[in-house]
Structures are given as C-alpha cells and as structure tokens.
Amino acid sequence: MSATTYAGATAYDDALADVADGATVLVGGFGMAGMPVELIDALIRQGARDLTVVSNNAGNGDTGLAALLAAGRVRKVVCSFPRQKDSWVFDGLYREGRLELEVVPQGTLAERMRAAGAGIGAFFCPTGAGTLLGEGKETREIDGRLHVLEHPIRGDVALVKAHVADELGNVVYRKTARNFGPVMATAAETVVVQVDRVVPVGDLDPEAVVTPSIYVDRVVVA
C-alpha cells in the first residue's frame, strides 16, 4: 500500500487537515536540522490546540516549533533540550506557567519512541536513575546498577522532514537532517513526511532507504 502524495499550493494544509485537538505530535529535528518547518506552519494554520509536542528541542528563534508555541497551540512539551541561547519563546511561556515540560534524556527519548514502534511495553534504563528525572518511577537493580522503568512514547501524528521519497513512500534523508525521523516514523499513528522531490519507484537504491513506505502515510512535495 503506497503513501498518499500531496502536491500543489495547498499540499501542506491538505496533509494536516485532520489533526485533532489534544493530539500528541512527534516533530523531527535536531535544533533546526531536519525541522519540518513548512509542516509546522501548516499545523498552525490548521488550528489544532492543546497539543503535546515531542521533539529534541523546544523551539529555536521565532520559526518552526517556536512559532507553534508562540501561537498558543501547545499544552505540553516532551524534549531533551528545552533551553538554548535562542529558545526565548519557550523560556517565556514556561516561566509564565503556560507550558508543561517533561525532560527526557536524549537517548531515552529516542529509545522510548523506538519501543513504541517495536511493540515493547516498557524497558529498564540506567539513565536518570537516582536523579530528579527518575523520581516517581519504578526502579530495579540490574547487574549492580540502578535502572528506572521507561514507557514508550506514541504519537497520533509524526511530522518528519526527509530528502527524497519514491512514489510508494519509501524515504531517504539528507545527512544530519535524518536524526529522529526514522524512530518517529515507527511510533505514530499517522506519519506525514515532507520531501524535496518524489522519484519513480526503482530510482532509489533499496539499500539506501531508511524509512520504508510501510511506515509512511502521507508525502508532501515542497
């Protein structure tokens, strides 16, 4: 079964028309590298509110994820690095008590999403054990080291930026823009990928495909 391809002036808006209020949205990107800015802009126009956003960062500058926060559409942010020198939008909203924050160590964040895609119910991880991040979590000593129980992160929607897709929805990424895209694509009910171009089936080397089409629901062509 192939992904649905959206193109044209309203492509981004059409691809996100059914995002519901209260949805959990996985947003790719490492800072601005691989940030699906055009999809985020379409989500702002679409108007969904009370969102939980899962991403590596909590927005940079005034564009992309920061713009979504500034629009007042996000209730909670789950991320590894909420603060950088240009995270003033998040900083202001959080200090005013207008955003919830869950900090998750970066490797744990990736693994919790991977676990969702792999059907793993939960897993024990040493990262965060004995710290504020481990408070209230079930713990177990394994091989003499304290571990905390971590649960999968599942998304209603994943917004991913890639480089090229074929007509079936098989996807390749460009260098560091790959980052969280592959695990997010396995962890969400609906996966929307924006790409620079779509090529005929057979043009992509199968060995180079990172995210197979089985995980991709919608492809938006820039």
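- In this structure a side-chain-to-backbone donor-acceptor pair under 3.5 Å is present from Q194 to L39.
- Around the OH atom of Y6, the shell of radius 6.0 Å holds more than 12 heavy atoms that belong to other residues, nucleotides or ligands.
- Side chains of I120 and R114 form a contact here, defined as non-hydrogen atoms less than 4.5 Å apart.
- A heavy-atom distance below 4.5 Å is not found between the side chains of T190 and D18.
- Using a 4.5 Å cut-off on side-chain heavy atoms (C-beta onward), L65 and S55 make contact.
- Open room surrounds CZ on R145; 12 or fewer heavy atoms of other groups in view lie less than 6.0 Å from it.
- In terms of heavy atoms, Q84 sits closest to N60 at OE1-ND2, 3.0 Å.
- Residues V198 and V210 are members of one and the same hydrophobic cluster, defined by side-chain heavy-atom contacts under 4.5 angstrom among Ile, Leu, Val, Met, Phe, Trp and Tyr.
- What you find for V192 and A15 is that their closest heavy atoms are CG1-CB, 4.1 Å.
- Considering only heavy atoms from C-beta on, R154 stays 4.5 Å or farther from T24 through its side chain.
- For the atom pair CD1 of I153 and CG of L26, the computed distance is 8.0 Å after rounding to the nearest 0.5 Å.
- Counting side-chain heavy-atom gaps under 4.5 Å among Ile, Leu, Val, Met, Phe, Trp and Tyr, the cluster of V172 also holds V164, V199, L204, V209.
- We find that D203 and R197 are not joined by a salt bridge, their nearest charged nitrogen and carboxylate oxygen being 4.0 Å or further apart.
- In the hydrophobic clustering of ILVMFWY residues, with side-chain heavy atoms under 4.5 Å counting as a link, V74 and F90 come out together.
- Residues K137 and E150 form a side-chain contact, since some pair of their non-hydrogen atoms from C-beta on lies under 4.5 Å apart.
- Cluster membership for M35 and V19, using ILVMFWY side-chain heavy atoms within less than 4.5 angstrom, is shared.
- At least one side-chain heavy atom of C79 sits less than 4.5 Å from a side-chain heavy atom of L101.
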Practice task
Begin from the C-alpha positions of Q106 and N56 and carry the test side-chain contact (heavy atoms from CB on, under 4.5 Å) through to its verdict.
Solution key: CA-CA 7 Å; Q106 192 175 67; N56 185 65; 2.8 Å; yes
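- Annotation: the span from Y173 atom OH to N179 atom CG amounts to 9.0 Å, rounded to 0.5 Å.
- L109 is listed as a side-chain neighbour of F180, based on a closest heavy-atom distance under 4.5 Å.
- When all heavy atoms of A122 and H151 are compared, the pair lying nearest together is CB-ND1, 3.8 Å.
- In this structure, V25 is not a member of the same hydrophobic cluster as M184, with clusters built from ILVMFWY side-chain heavy atoms closer than 4.5 Å.
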Practice task
Test L16 against R45 for side-chain contact (heavy atoms from CB on, under 4.5 Å), laying out the working first.
Solution key: CA-CA 10 Å; L16 297 180; R45 293 191 297 270; over 6 Å; no
Practice task
Determine, stepwise, if the pair I142 / F124 fulfils side-chain contact (heavy atoms from CB on, under 4.5 Å).
Solution key: CA-CA 9 Å; I142 302 173; F124 281 98; 3.8 Å; yes
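- Atom NE2 of H147 is separated from atom CZ of F123 by 10.5 Å, given to the nearest 0.5 angstrom.
- Closest approach of P200 and D166 over heavy atoms only: O-CB, 4.0 Å.
- Put simply, OG1 on T131 and CG on L146 are 10.0 Å apart, with the number rounded to the nearest 0.5 Å.
- Here the side chains of T211 and V160 are not in contact, with every heavy-atom distance at 4.5 Å or above.
- When the side chains of ILVMFWY residues are joined at heavy-atom separations under 4.5 Å, either directly or via intervening members, W88 and M32 end up in a single hydrophobic cluster.
- In this structure, CG on L99 lies 9.5 Å from OH on Y94, to the nearest 0.5 angstrom.
- Scanning all heavy atoms of the two residues, the minimum distance from A66 to V89 falls at O-CG1, 3.4 Å.
- Here the CZ-CD1 distance, from R73 to I44, works out to 7.0 Å after rounding to the nearest 0.5 Å.
- Screening residues 87-109 for salt bridge (Lys or Arg N to Asp or Glu O under 4.0 Å), with sequence neighbours left out, gives R75-E100, K76-E102, R83-D91, E96-R98, E102-R112.
- The heavy-atom pair separating T108 from C125 by the smallest distance is OG1-SG, 3.8 Å.
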Practice task
Take V77 and L69, measure what side-chain contact (heavy atoms from CB on, under 4.5 Å) needs, and give me the verdict at the end.
Solution key: CA-CA 9 Å; V77 173; L69 299 181; 3.9 Å; yes
